S.K.: 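Just dropping this structure here.
All chains are named by letter (A, B, ...) in the order of the sequence lines, taking the proteins before the strands, and each is independently numbered beginning at 1. Computed over heavy atoms, backbone and side chain alike; hydrogens, waters and symmetry mates excluded. A quick note: this is a predicted structure, and the numbers were derived from the prediction, not measured.
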Number of protein chains: 2
Amino acid sequence: MEDEVDRLVAAWRRERPDLDVEPLEVLSRVSRLARHLDRARRLAFSEHQLEPWEFDVLTALRRAGTPYQLSPGQLLTQTLVTSGTMTNRIDRLAKKGLVERLPDPSDRRGVLVRLTDEGRDRADQSLAGLLAQERAILGELSRAQRSELAALLRQLTAPFDNIPG
Amino acid sequence: MEDEVDRLVAAWRRERPDLDVEPLEVLSRVSRLARHLDRARRLAFSEHQLEPWEFDVLTALRRAGTPYQLSPGQLLTQTLVTSGTMTNRIDRLAKKGLVERLPDPSDRRGVLVRLTDEGRDRADQSLAGLLAQERAILGELSRAQRSELAALLRQLTAPFDNIPG
DNA sequence: CCACACTGTCTCGACGTCAAGAGAGTCGAC
DNA sequence: GTCGACTCTCTTGACGTCGAGACAGTGTGG
């Protein structure tokens, strides 16, 4: 089945036959798919009265395991936002009672963000919802294809995740 | 090589061994990679004094071929933004002299957005820059792997692009 | 020919993000 | 010890996006 990127690539080949636009076949699809996923996630989370950004922060803390706390800096690397954004997110989640800020006992510059009990429940509930939705989207692919796809994507993400930039 | 999603998935398996988090192997990588790509594109375009959103609109018009014009509605489906956003983008591009608004002769509700000569030049220049950068990112993969990856991604994007949602 | 539902674009206010930089605290070299 | 480079978090102001709705124009069924 044809998608929007097929049309996009065909158009470039007509308009700029001098250029090799093959990279777009992969990376434009990644960008567009991510955009579709954002929209789908927004819808899925609205049933739990949760925004995607709230989910990202709460689940990062949930994954950390007891006592469910991380520094703002650790949250930055997991969520790929800037520090100003993270300060703002923590403020709002704290106001809603889903996280709390504690001083870091071992570094007085530092802060620890800890999940409250309610925050933990919300994280657990919405993760289940997200997985259900993602499974539906991936229904197109066989198990073997999914693992093939994951492996190829890992090759592209690893440099970004390991050489900080 | 391990990436951040490997760590994320391992953490979930430890914290929530009752859940099957395999879908994250694919879709979390897509979202994170898109975020890294956004940052990289922002950097690449800054050499051309162009924002990513400007690139998206100008190249959509460029791809349309002479006379390089599309309706705002057509631009929406290509760029995956809302109509309010597109109005705003067209305003700003028009103020910079890169596009102009013309009345649609066949529908008096409608508008046609047309690329100016300068807009066309900027689109052409920055496309070349983007492709160079993307080629560097994809250097990790062989030609066969890239086409395998493109085919798998197409299966996921096609439903979104064809069943409007 | 005239309702009436629909389409295409724009307006508006609220919101989240970013980049740049400030301020407090840490730690190694000397 | 203490100077200076570095790290960590937060502040600020500008900016872009979104969602909801307004409005003009279209075109179809009765």
S.K.: Which whole-number value in Å describes the distance from A:Gln74 CD to D:dT7 P?
M.R.: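 Spelled out: CD on A:Gln74 to P on D:dT7 is 16 Å.
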S.K.: Please confirm whether the backbone N or O of A:Arg154 pairs with a side-chain atom of A:Thr157, one donor and one acceptor, at under 3.5 Å?
M.R.: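 Looks like yes, one N/O pair under 3.5 Å.
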S.K.: When you measure from the side chain of B:Ser28 to the backbone of B:Glu25, do you find a donor-acceptor pair of N or O atoms at a distance under 3.5 Å?
M.R.: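 Judged by distance alone, no pair lies under 3.5 Å.
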S.K.: Provide, to the nearest angstrom, the distance between the CG atom belonging to B:Leu93 and the P atom belonging to D:dG16.
M.R.: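 Between P of D:dG16 and CG of B:Leu93: 10 Å.
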S.K.: Nearest whole angstrom, please: distance from the C1' of D:dG16 to the CZ of B:Phe55.
M.R.: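 About 19 Å, once rounded to whole Å.
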S.K.: Working note: A:Arg29 + B:Leu149, criterion side chain to side chain contact (heavy atoms under 4.5 Å, CB included); need CA distance, chi angles, decisive distance, verdict.
M.R.: CA-CA 10 Å; A:Arg29 284 197 173 89; B:Leu149 183 47; over 6 Å; no
S.K.: When you compare the protein's N or O atoms with those of nucleotides 26-28 of chain C, which come within less than 3.5 Å of each other, and at what distance?
M.R.:
residue	atom	partner	partner atom	Å
C:dT26	OP1	A:Arg108	N	3.0

S.K.: Measure from the side-chain heavy atoms of A:Val111 and tell me the nearest of D:dT9, C:dT17, C:dC10.
M.R.: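 Per side-chain heavy atoms of A:Val111, the pick is D:dT9.
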S.K.: Check every atom of C:dT9, C:dG16, D:dC10 against the side chain of B:Thr87 and return the nucleotide holding the closest atom.
M.R.: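 That would be C:dT9.
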S.K.: For B:Leu76 and B:Val81, work out which heavy atoms get closest and say how close.
M.R.: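 Taking every non-hydrogen atom into account, CD2-O, 3.6 Å.
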S.K.: Just checking B:Gly84: base, sugar-phosphate only, or nothing, at a heavy-atom cut-off of under 4.0 Å?
M.R.: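 Base: the residue B:Gly84, judged by heavy atoms under 4.0 Å, touches a nucleobase.
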S.K.: Between B:Arg35 and C:dC18, is there a contact of a side-chain N or O with OP1 or OP2 at under 4.0 Å?
M.R.: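 Yes, such a contact exists.
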S.K.: With respect to the side chain of B:Ser83, which nucleotide from D:dT17, D:dT11, D:dA20 is positioned closest?
M.R.: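 Comparing D:dT17, D:dT11, D:dA20 against the side chain of B:Ser83, the answer is D:dA20.
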S.K.: Between P on C:dC15 and CG on A:Asp91, what's the gap in Å once rounded to a whole number?
M.R.: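 About 15 Å, once rounded to whole Å.
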S.K.: Could you work out which one of D:dT9, C:dC18, D:dT17 sits closest to the side chain of A:Thr82?
M.R.: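 The nucleotide sitting nearest to the side chain is C:dC18.
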S.K.: Verify the distance criterion only: is there a donor paired with an acceptor across the side chains of A:Thr85 and A:Thr82 at less than 3.5 Å?
M.R.: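 Result is yes, a qualifying pair exists.
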S.K.: Rounding to an integer number of Å, can you tell me how far A:Asp104 CG sits from D:dT9 P?
M.R.: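 In whole Å, D:dT9 P and A:Asp104 CG are 8 Å from each other.
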S.K.: Can you establish whether the number of heavy atoms outside B:Arg108 located under 6.0 Å from its atom CZ is more than 12?
M.R.: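 12 or below, so no.
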S.K.: Can you tell me if the side-chain N/O atoms of B:Trp53 get under 4.0 Å from OP1 or OP2 in D:dT17?
M.R.: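 Answer no for this pair, as no side-chain N or O of B:Trp53 is under 4.0 Å from OP1 or OP2.
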S.K.: Can you tell me the distance, in whole Å, between the CE atom of B:Met86 and the C1' atom of C:dT11?
M.R.: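 After rounding, the gap between these two atoms is 16 Å.
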S.K.: Is A:Arg101 close enough to D:dC10 that one of its side-chain N or O atoms is under 4.0 Å from OP1 or OP2 there?
M.R.: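 Looking at the OP1 and OP2 atoms of D:dC10, one of them is under 4.0 Å from a side-chain N or O of A:Arg101.
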S.K.: Check whether the side chain of B:Thr85 and the base of D:dC18 form a donor-acceptor pair under 3.5 Å.
M.R.: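 Donor-acceptor pair under 3.5 Å: no.
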S.K.: Does B:Arg143 have more than 12 heavy atoms from other residues, nucleotides or ligands lying within 6.0 Å of its CZ?
M.R.: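 Open: at most 12 neighbouring heavy atoms sit under 6.0 Å from CZ of B:Arg143.
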S.K.: Counting side-chain heavy atoms from C-beta on, which of C:dT17, D:dT17, C:dT9 comes nearest to B:Arg92?
M.R.: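 Selected nucleotide (nearest to the side chain): D:dT17.
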S.K.: Counting only side-chain nitrogens and oxygens, does A:Arg42 get under 4.0 Å of the OP1 or OP2 atom of D:dC18?
M.R.: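 Indeed not, no polar side-chain atom of A:Arg42 lies that close.
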S.K.: Calculate the interatomic distance between A:Leu80 atom CG and C:dC18 atom P; express it in whole Å.
M.R.: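 After rounding, the reported distance stands at 9 Å.
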S.K.: Distance check needed: D:dA14 P versus A:Asn88 CG, whole Å only.
M.R.: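 It works out to 17 Å between those atoms.
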S.K.: For a quick check under 3.5 Å, do B:Gln78 and B:Arg63 share a side-chain donor-acceptor pair by atom type?
M.R.: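 Yes, side-chain donor-acceptor contact under 3.5 Å.
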